[in-house]
S.K.: 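Before we start, here is the structure in question, set down as structure tokens.
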Amino acid sequence: MLGRTQRPGPVSEERAELRRLTQRPQRHRLLHGYPLAAAMPRVETGDRSTPDRLRFHPERGLLVGVLPHPFCNPAVTGCGFCTFPHETFNQGRAVVVMDHVARELAQKLEDDPDLAGRPVAGLYFGGGTANLSPADSFRTLCRALANAFDLASAEVTLEGVPAAFLNRTPLLVDILREELPARHFRLSMGIQTFDVERLRQMGRLGFGTAKTFRDVVRLGHARGFTVSGDLLFNLPGQPLTAMREDVERAIEIGLDHLGLYHLVMFAGLGTEWSRDPGLVASLPANPVAARNWLELRSLLLHEQRFYQTTLTNFERHEFLGHERRFVYETLSFQPGRYDMIGLGPTGISFAGSGQTAVKVINPDSASAYIAAVSQGGATWDRAFAYAPRDLRILHLTRSLAALRIDRQHYQSVFGSDPLHDFPREFAALEQEGLVLQTDAAIEPTGLGMFYADSIAGLLAWNQVQGRRNRQRRTESSTANDADSNARGHM
Ligand SMILES: C[S@@+](CC[C@H](N)C(=O)[O-])C[C@H]1O[C@@H](n2cnc3c(N)ncnc32)[C@H](O)[C@@H]1O
Ligand code: SF4
């Protein structure tokens with residue numbers, strides 16, 4: 001077991017692989033689904049045959065993710081740590097990209113007229129920094145979405161940097177309310193930390209400090225919105241007391257939901273900070289980082305009466321079972337029930353139908369995205385068609401991100417038990433103390449949540465190995481270890 005005396009006995013290949021994975025930097029890629037972006041096969045944009053067009057079946061639920069543009073403007077490149085696609089902010093370019101997002105939506109409706117008027121359960125404006133969108137473009141896009149879909153039961157989220165919720169006219173929060181006839185609205189801001197020196201190190205002082213964060217909460221609450229904030233922990237050289245203080249201050253300013261992210265950082269990651277050997281050397285080793293996670297989780301669950309909905313999301317107790325709880329993320333973890341339309345640069349779409357499914361991703365950069373939309377046809381430059389075992393891995397990894405694999409549900413979808421389909425993987429995970437198995441469910445332990453990336457890597461391991469070998473045999477390999485825990489988002 002990780003961090004305890006190991007049991008004697010032969011070590012299976014899976015257990016050895018798991019130990020290897022848990023010694024590597026841990027990421028949050030379980031939140032990004034299977035396969036990971038870096039493992040998605042490349043396709044030509046505009047090609048409608050790869051795969052057969054996405055089909056969104058009317059009996060399935062629908063989520064819409066909009067990445068209006070990839071731009072943001074921190075004073076330090078990528079805020080030092082950021083692993084999301086981002087480009088330097090430019091107002092004129094943002095307008096052009098957003099025009100193309102509206103065009104992409106129109107093309108999707110033309111291709112698939114049954115989409116028009118479909119009820120949407122969740123609409124999420126994210127990406128680089130969605131709340132830096134130019135106001136007129138944002139209004140136009142909101143109108144196009146309101147005309148395209150039935151938003152009456154939708155939860156709508158606008159994500160962004162704290163100051164940009166407040167310091168502009170008109171406020172995007174008001175445009176949201178004016179243009180979208182939705183059930184509920186949320187704001188989601190990146191706080192990262194309350195420590196002013198660290199915000200300076202991130203180049204984020206222009207995005208506000210504690211007072212700004214509190215004002216965003218007030219702004220949202222005054223309009224009946226719920227408000228969420230992202231915090232990072234395990235920052236270079238950060239003591240546990242400072243991490244606890246950040247969590248306590250986030251609660252004290254009245255946030256409804258909290259996204260708590262262990263900092264993903266290691267030499268070679270490509271972020272600004274990851275190029276600084278001194279900063280990399282001051283990161284905690286995995287066992288210490290995992291203990292910090294367990295401490296903060298315990299602070300939230302036991303001292304502050306929050307509850308946990310996913311690997312990284314916590315909510316105040318009063319939202320439990322309440323219609324104003326955050327639904328977009330948990331619904332996106334149910335690929336058996338919900339499809340996803342992703343619009344804009346890096347937009348991810350997913351369409352399932354019984355025993356098959358397709359996932360596609362739009363180009364990341366503004367210029368490649370504009371070119372893809374302009375030429376017509378498919379906008380995506382990566383596409384993946386799921387084989388039966390891929391669907392099982394998708395189901396398991398999404399369920400783990402939502403903290404529970406329901407064995408009966410899995411049985412009803414696939415006609416078998418997860419322990420039957422992945423016996424050696426789950427044996428290794430249990431032996432290492434990363435999952436708990438009961439007759440009803442398989443759940444990650446607190447430690448397993450920290451090592452979730454390794455869990456996902458192990459479940460995908462044999463399948464990825466097999467794909468890679470097949471690719472090598474056909475000599476068309478762009479072989480990479482993208483579904484191991486080495487590369488990809490966060
Ligand atoms: C795409 S950003 C959007 C928020 C907005 N752009 C901002 O900076 O406030 C989403 C969140 O991902 C998290 N994130 C980004 N890079 C990360 C990393 N290397 N490790 C852990 N979390 C990360 C941050 O907490 C960030 O708020
Ligand atoms: S954390 Fe937000 S503001 Fe900073 S680089 Fe990433 S997307 Fe941009």
Side-chain angles (χ1 to χ4, degrees), residues 25-32 37 65-90 94 124-133 157-166 172 186-194 198-199 201-209 212-213 216 227-236 238 243 246-247 250 255 257-275 279-280 283-284 289 292-293 311-313 329 344-348 364 450 452-453 485 487-490:
Q26 299 301 298
R27 316 189 57 155
H28 297 295
R29 296 171 318 155
L30 202 46
L31 301 177
H32 295 268
V66 183
L67 294 90
H69 58 77
F71 303 117
C72 50
N73 55 1
V76 170
T77 305
C79 298
F81 60 80
C82 182
T83 44
F84 285 84
H86 50 261
E87 297 174 40
T88 307
F89 184 76
N90 175 308
Y124 198 104
F125 292 95
T129 297
N131 73 348
L132 286 178
S133 299
T157 302
L158 175 62
E159 185 182 73
V161 291
F165 284 111
L166 302 167
L172 295 197
R186 306 173 65 245
L187 304 181
S188 176
M189 65 177 148
I191 289 177
Q192 320 310 352
T193 176
F194 285 76
R198 284 193 188 271
L199 289 171
Q201 183 190 27
M202 294 172 179
R204 291 181 63 98
L205 280 181
F207 301 160
T209 53
T212 324
F213 309 154
V216 174
V227 184
S228 159
D230 294 337
L231 280 185
L232 293 172
F233 68 101
N234 286 329
L235 294 168
Q238 189 182 32
M243 302 178 205
D246 273 344
V247 171
L255 287 178
H257 315 155
L258 190 65
L260 191 57
Y261 297 100
H262 148 76
L263 176 73
V264 175
M265 181 173 153
F266 50 88
L269 178 63
T271 56
E272 279 299 288
W273 289 358
S274 69
R275 297 190 185 96
L279 284 180
V280 174
L283 291 168
N292 292 338
W293 155 251
L311 285 173
T312 52
N313 186 59
E329 191 185 31
T346 324
I348 298 179
D364 292 327
F450 178 79
D453 204 37
N485 72 350
R487 279 184 267 157
H489 283 315
M490 288 214 306

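All ligand and atom numbering here is 1-based and tracks the order in the structure.
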S.K.: So which bit of V264 gets within less than 4.0 Å of ligand 1, heavy atoms only: side chain, backbone, both or neither?
M.R.: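 Within the 4.0 Å criterion, V264 contacts ligand 1 through backbone and side-chain atoms alike.
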
S.K.: State the atoms of ligand 2, each with its element, that fall below the 4.0 Å cut-off from a heavy-atom position in G78.
M.R.: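 Reading through ligand 2 atom by atom, the close ones are 5 (S).
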
S.K.: Main chain of L235, side chain of R198: is a donor-acceptor contact present, judged purely on distance under 3.5 Å?
M.R.: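 The answer is no, because no donor-acceptor pair under 3.5 Å joins these two groups.
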
S.K.: For V227 and M189, what are the C-alpha separation, side-chain angles and deciding distance, and is it a side chain to side chain contact (heavy atoms under 4.5 Å, CB included)?
M.R.: CA-CA 8 Å; V227 184; M189 65 177 148; 4.2 Å; yes

S.K.: Quick one: closest heavy-atom pair of P68 and G126, and the distance?
M.R.: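 It is CD-O, 3.2 Å.
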
S.K.: Would you mind listing which atoms of ligand 1 come within a distance below 4.0 Å of any non-hydrogen atom of L232?
M.R.: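 Under 4.0 Å from L232, ligand 1 has these atoms: 21 (C), 22 (N), 23 (C), 25 (O).
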
S.K.: Report the C-alpha distance between L279 and F81 in whole Å, list the side-chain angles of each, state the deciding distance to 0.1 Å, and finish with yes or no for side chain to side chain contact (heavy atoms under 4.5 Å, CB included).
M.R.: CA-CA 11 Å; L279 284 180; F81 60 80; over 6 Å; no

S.K.: Could an N or O of ligand 1 be found under 3.5 Å from any N or O of H28, whether backbone or side chain?
M.R.: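 Such a contact does not occur with ligand 1.
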
S.K.: For ligand 2, is there an atom lying under 4.0 Å from some heavy atom of G128?
M.R.: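 In this structure, G128 qualifies as a contact of ligand 2 - some heavy atom is under 4.0 Å.
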
S.K.: Using a 4.0 Å cutoff against the non-hydrogen atoms of E159, which atoms of ligand 1 qualify?
M.R.: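 Those qualifying, in numeric order: 3 (C).
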
S.K.: So which heavy atom on F165 is nearest to which on S188, and how close?
M.R.: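 That would be CZ-O, 3.8 Å.
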
S.K.: What do you reckon, does G128 put a non-hydrogen atom under 4.0 Å from ligand 1?
M.R.: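 G128: in contact with ligand 1 (<4.0 Å).
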
S.K.: Considering heavy atoms of the protein only, find what lies nearest to atom 8 (Fe) of ligand 2 and give residue, atom and distance to 0.1 Å.
M.R.: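 Protein heavy atom at minimum distance: C72 SG, 2.4 Å.
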
S.K.: Hey, looking at atom 27 (O) of ligand 1, which of T312, T271, D230, N234 has the closest heavy atom?
M.R.: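 Nearest heavy atom to atom 27 (O) of ligand 1 lies in D230.
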
S.K.: Within a distance under 4.0 Å of any heavy atom of C82, pick out the atoms of ligand 1 and give their elements.
M.R.: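 Every atom of ligand 1 under 4.0 Å from some heavy atom of C82: 16 (N).
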
S.K.: Heavy atom under 4.0 Å from ligand 1: found in Y261's side chain, backbone, both, or neither?
M.R.: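 The answer is the side chain of Y261.
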
S.K.: Minimum heavy-atom separation for R275 and G270, please, with both atom names.
M.R.: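 R275 and G270 have their closest heavy atoms at NH2-O, 2.8 Å.
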
S.K.: With a 4.0 Å cut-off on heavy atoms, is H262 touching ligand 1?
M.R.: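 It does, in that a heavy atom of H262 comes within the 4.0 Å cut-off of ligand 1.
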
S.K.: For atom 6 (Fe) of ligand 2, what's the nearest protein heavy-atom neighbour? Residue, atom name and distance, please.
M.R.: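 For atom 6 (Fe) of ligand 2, the nearest protein heavy atom is C82 SG, 2.4 Å.
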
S.K.: F81 versus ligand 1: do any nitrogen or oxygen atoms come within less than 3.5 Å of each other?
M.R.: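 For ligand 1, there is an N or O atom that lies under 3.5 Å from one belonging to F81.
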
S.K.: Between M189, H86, Q192, M202, which one has a non-hydrogen atom sitting closest to atom 24 (C) of ligand 1?
M.R.: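 Looking at heavy atoms only, the winner is Q192.
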
S.K.: Below 4.0 Å from any atom of ligand 2, is there a heavy atom belonging to R204?
M.R.: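 It does; at least one heavy atom falls under 4.0 Å.
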
S.K.: Is there a side chain to side chain contact (heavy atoms under 4.5 Å, CB included) between L269 and R27? Walk through the geometry before answering.
M.R.: CA-CA 11 Å; L269 178 63; R27 316 189 57 155; 3.4 Å; yes

S.K.: Short question: side chain of H86, backbone of T129 - any donor-acceptor pair under 3.5 Å?
M.R.: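 Such a contact is absent between H86 side chain and T129 backbone.
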
S.K.: Are any of the heavy atoms in C72 under 4.0 Å away from ligand 1?
M.R.: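 C72 does not count as a contact of ligand 1 under the 4.0 Å cut-off.
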
S.K.: Of all the heavy-atom pairs spanning D364 and E87, show the shortest one and how long it is.
M.R.: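 For D364 and E87, the tightest heavy-atom pair comes out as O-OE2, 4.1 Å.
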
S.K.: Ligand 2 versus N73, non-hydrogen atoms closer than 4.0 Å: side chain, backbone, both, neither?
M.R.: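 It is neither; nothing of N73 touches ligand 2.
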
S.K.: Need the ligand 1 atom indices (1-based, order shown) with element for anything under 4.0 Å from a heavy-atom of R204.
M.R.: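 Listed by number with element: 7 (C), 8 (O), 9 (O).
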
S.K.: Please report the closest heavy-atom contact between P70 and P345, naming both atoms and the distance.
M.R.: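 Taking every non-hydrogen atom into account, CD-CG, 4.0 Å.
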
S.K.: V216 versus L166: any side-chain heavy-atom pair under 4.5 Å?
M.R.: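 Contact flag for V216/L166 side chains = yes.
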
S.K.: Taking 2.8 Å as the cut-off, does C79 contribute an N, O or S atom near atom 8 (Fe) of ligand 2, distance below it?
M.R.: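 No, since none of the N, O or S atoms of C79 sits under 2.8 Å from atom 8 (Fe) of ligand 2.
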
S.K.: Kindly indicate, with the supporting measurements, whether the criterion side chain to side chain contact (heavy atoms under 4.5 Å, CB included) is fulfilled by T83 and T271.
M.R.: CA-CA 7 Å; T83 44; T271 56; 4.0 Å; yes

S.K.: Check each of L187, L158, L132 against L172 using the side chain to side chain contact (heavy atoms under 4.5 Å, CB included) test, and report the only one that passes.
M.R.: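 The single option meeting the side chain to side chain contact (heavy atoms under 4.5 Å, CB included) with L172 is L158.
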
S.K.: Does ligand 1 have an atom that lies less than 4.0 angstrom from a heavy atom of M265?
M.R.: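 It does not, in that no heavy atom of M265 comes within the 4.0 Å cut-off of ligand 1.
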
S.K.: Geometry only, no angles: is G190 polar-contacting ligand 1 at N/O separations under 3.5 Å?
M.R.: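 For ligand 1, there is an N or O atom that lies under 3.5 Å from one belonging to G190.
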
